[in-house]
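Written below as structure tokens is the structure these notes are about.
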Amino acid sequence: MSDATTIRPLRASRVENWDHRADVVIAGYGIAGVCAAIEAARAGADVLVLERTGGWGGAAALAGGFIYLGGGTPLQQALGFEDTPENMETFLLAALGPGVDKAKIADYTRGSVEHFDWLVSCGVPFREAFWGEPGWEPPHDEGLMYSGGENAAPFNAIAKPAPRGHVPQMADKRTGEKGGGWMLMKPLADTAEALGVRAEYDMRIARLIVDDDDRVVGVLARRYGKPVAIRAERGVVLATGSFAYHKEMIEGYAPRLIGRPAAAIEEHDGIGIRLAQALGAQLAHMDATEVAFFGDPQLLARGILVNGRGQRYIQEDTYPGRIGQATLIQQDNQAYLVIDEASYEEALTTETSTPFFRQPPTWVAETIAELEAEMGLPGQALQATVECYNLHAANGADPLLGKKPEWLRPLRGSVAAFDMRGFTAGFTLGGLRTDLDSRVLHVSGEPIQGLFAAGRCTSGLCAGGYVSGASLGDGSFYGRRAGIAAAKN
């Protein structure tokens, strides 16, 4: 039987026996699912979470833990940073477009402070400490960091820079294994359990169940290959993650990511999106992708990034995810980092949360001309780039791309280059279109009755650009909305 046939909705009249019943049924026990469960339970609903793996956590538990929040959170204020919802909104409209959902960004920025307070009330800890060095994540347990290029060009001239990467406090973090995301999920999962939320593990959702009016009233799942029918009296919430590991969906919607997925877990196979599509759900920004760039930000900021023609193409002191998008999408994955010996040695004395990115250079030379030849670049290409860069760097300026003066220094003496071609991977940002109550919208623009969604199976805040913390941010924020709306449905 084809996939197109098996994911079509099942009529409730064909269900002979319901194996489980609940007011609200949630598919997925990651950040969106746990927040939906908490709010639905607090609204008085009997809640059942279906999780395809053996435990809660999802991709969130393996993430670095950034939650993108601002507008003047208590943590921002305690550390002396001024921010307003309007300032945050101005930045996000510039950084996450084009085509962002303006209503959703306005909604999110105005609810950001309350959302921070809600997380804290659920036991999520944040240490009042700021990490101001370039990096993918704070190397210790600092609670606040720039995580989207807010303090780099061009955004530092568009909105007042404010750090909004809020990171739960956690000692002995291991990036990609047990990071700050675990310390986000653990208190939330404990809160859900204390509220009486039930969970069934090793459940793989297979079909949505609808009544004769096409209202979603349940889910057909499979456990160890056997069908399991679950009745949802009030609503179903999809919190199933992205489609980064569905080969055909990547080829059809986001082909730049072919062969380079970087979602934390392979369960991100787009099942929630496909099941809702079978009901006529509308999609948005399916080509949008986050792109990681596997370089050390301390090295990047001190050198220059050039493309396959030996030309600079982005300010090196910006958010690494922005560098990744520019490299993969605009430069056909062609990138080299050029740095002099003094800057290289200085960078190696700094702390980092990603020491595995600090590898020896690919080429070393006494002059730029020699390095250019070693790299196989066209004659004078790199030399002209460095000559222009050095001319302005000597005056503390970067009129081409706007790197901040603190990172500008002419490249002198012995030089090296890193071959960073193909050093990118990412995950998808597009998905189901939802309204501000996390109701899944039909292609007609009307809500699909009984169906809600949040997290990376939806098109959230990001329409193209990305900031670290947007996924855990809008997943938790709109997960809450989904739980509330489903409970009241």
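Not one N or O on the side chain of Arg322 forms a donor-acceptor pair closer than 3.5 Å with the backbone of Ile314. A donor-acceptor pair under 3.5 Å links the side-chain atoms of Asp19 to the main chain of Ala229, judged by distance alone. Remark: the backbone N or O of Ile230 is not paired with any side-chain donor or acceptor of Arg21 at under 3.5 angstrom. A donor-acceptor contact shorter than 3.5 Å links the side chain of Arg256 to the backbone of Leu328. When atom types are taken as modelled, the side chain of Gln331 and the backbone of Ala326 share no donor-acceptor pair closer than 3.5 angstrom. A distance-only check finds no donor-acceptor pair linking the side chain of Ser242 to the backbone of Thr428 [under 3.5 Å]. Remark: side-chain polar atoms of Glu267 are not paired, donor with acceptor, to backbone N or O of Gly241 under 3.5 angstrom. Arg481 places no side-chain N or O within donor-acceptor distance of the main-chain N or O of Phe477, the cut-off being under 3.5 Å. Counting only distance, with no hydrogens or angles, the side chain of Asp211 and the backbone of Asp213 share a donor-acceptor pair below 3.5 Å. Under a 3.5 Å cut-off, the side chain of Asp398 and the backbone N or O of Lys403 do form a donor-acceptor pair.
With values rounded to the nearest 0.5 angstrom, Met88 atom CE is found 6.5 Å from Leu69 atom CG. Expressed to the nearest 0.5 Å, how far CG of Leu441 lies from CZ of Arg439 amounts to 7.5 Å. Here Trp407 contributes atom CH2 and Gln315 contributes atom CD; the two are 14.5 Å apart, rounded to the nearest 0.5 Å. One distance of note links CG of Asp317 with NZ of Lys404; it measures 3.5 Å at 0.5 Å rounding. To the nearest 0.5 Å, the span separating OG1 on Thr424 from CD1 on Ile323 amounts to 12.5 Å. Considering OG1 of Thr109 and OH of Tyr68, their distance stands at 10.5 Å, rounded to 0.5 Å.
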Show me the side-chain donor-acceptor pairs of residues 444-454 shorter than 3.5 Å, one per line, residues at least two apart or across chains.
| from | atom 1 | to | atom 2 | distance (Å) |
| --- | --- | --- | --- | --- |
| Ser444 | OG | His442 | ND1 | 3.2 |
| Ser444 | OG | Glu446 | N | 3.3 |

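Of all heavy-atom pairs spanning Gly430 and Ile273, the tightest one is O-CD1, 4.2 Å. The heavy-atom pair separating Ala292 from Glu290 by the smallest distance is N-OE2, 3.5 Å. Of all heavy-atom pairs spanning His285 and Ser459, the tightest one is CD2-OG, 3.3 Å. Scanning all heavy atoms of the two residues, the minimum distance from Ile250 to Ala244 falls at CG1-O, 3.7 Å. The two residues Ser476 and Ile31 come nearest to each other via the heavy atoms CB-CG1, 3.7 Å. Minimum interatomic distance between Arg8 and Arg207 (heavy atoms only, all atoms of both residues): O-NE, 2.7 Å.
The aromatic rings of Phe91 and Phe155 sit perpendicular to each other, their planes meeting at more than 60°, with 30° as the lower class boundary.
Using a 4.5 Å heavy-atom threshold, the side chains of Lys102 and Leu93 count as touching. Contact annotation: the side chain of Ile67 approaches that of Pro168 to within less than 4.5 Å [non-hydrogen atoms, C-beta and beyond]. Side-chain contact between Arg164 and Val467: absent, with no pair of heavy atoms (C-beta onward) separated by less than 4.5 Å. Counting heavy atoms from C-beta outward, Val338 and Leu382 have side chains that approach closer than 4.5 Å. Between Arg11 and Val210, the closest side-chain pair of non-hydrogen atoms falls below 4.5 Å. Side-chain contact between Leu48 and Ile26 is absent, with no heavy-atom pair separated by less than 4.5 Å. Within the 4.5 Å cutoff, the side chain of Ile38 has no heavy atoms near those of the Arg480 side chain. Between Glu316 and Ile304, the closest side-chain pair of non-hydrogen atoms falls below 4.5 Å.
Among pairs with a residue in residues 48-58, those fulfilling side-chain hydrogen bond (donor to acceptor under 3.5 Å, both in side chains) read Glu51-Thr53, Arg52-Asp269, at least two apart in sequence or across chains.
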Verify side-chain contact (heavy atoms from CB on, under 4.5 Å) between Trp18 and Ile209, making sure each step is shown before the conclusion. CA-CA 11 Å; Trp18 295 100; Ile209 301 175; 3.6 Å; yes

Would His115 and His166 satisfy side-chain contact (heavy atoms from CB on, under 4.5 Å), going step by step from the backbone distance to the final call? CA-CA 12 Å; His115 189 49; His166 291 61; over 6 Å; no

List the steps, then state whether salt bridge (charged side-chain N to carboxylate O under 4.0 Å, His left out) holds for Arg231 with Glu233. CA-CA 6 Å; Arg231 174 78 181 192; Glu233 302 293 347; 3.7 Å; yes

Test Leu144 against Val167 for side-chain contact (heavy atoms from CB on, under 4.5 Å), laying out the working first. CA-CA 6 Å; Leu144 189 64; Val167 188; over 6 Å; no

Given side-chain contact (heavy atoms from CB on, under 4.5 Å), test Val306 with Thr385 step by step and report yes or no. CA-CA 9 Å; Val306 300; Thr385 294; 4.2 Å; yes

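Remark: aromatic rings of Tyr466 and Phe427 are close, center separation under 6.0 Å.
Using a 4.0 Å cut-off between charged side-chain N and carboxylate O, Asp202 and Arg223 make no salt bridge.
Heavy-atom neighbours of Arg204 CZ from other residues, nucleotides or ligands within 6.0 Å: at or below the threshold of 12.
By the side chain to side chain contact (heavy atoms under 4.5 Å, CB included) test, Lys104 is found to be paired with Asp101, Thr434, Leu436, Leu461, Tyr478, residues two or more places apart in sequence or in another chain being considered.
The one candidate from Phe423, Trp136, Phe357 that meets the ring-ring contact (aromatic ring centres under 6.0 Å, His included) condition with Phe294 is Phe357.
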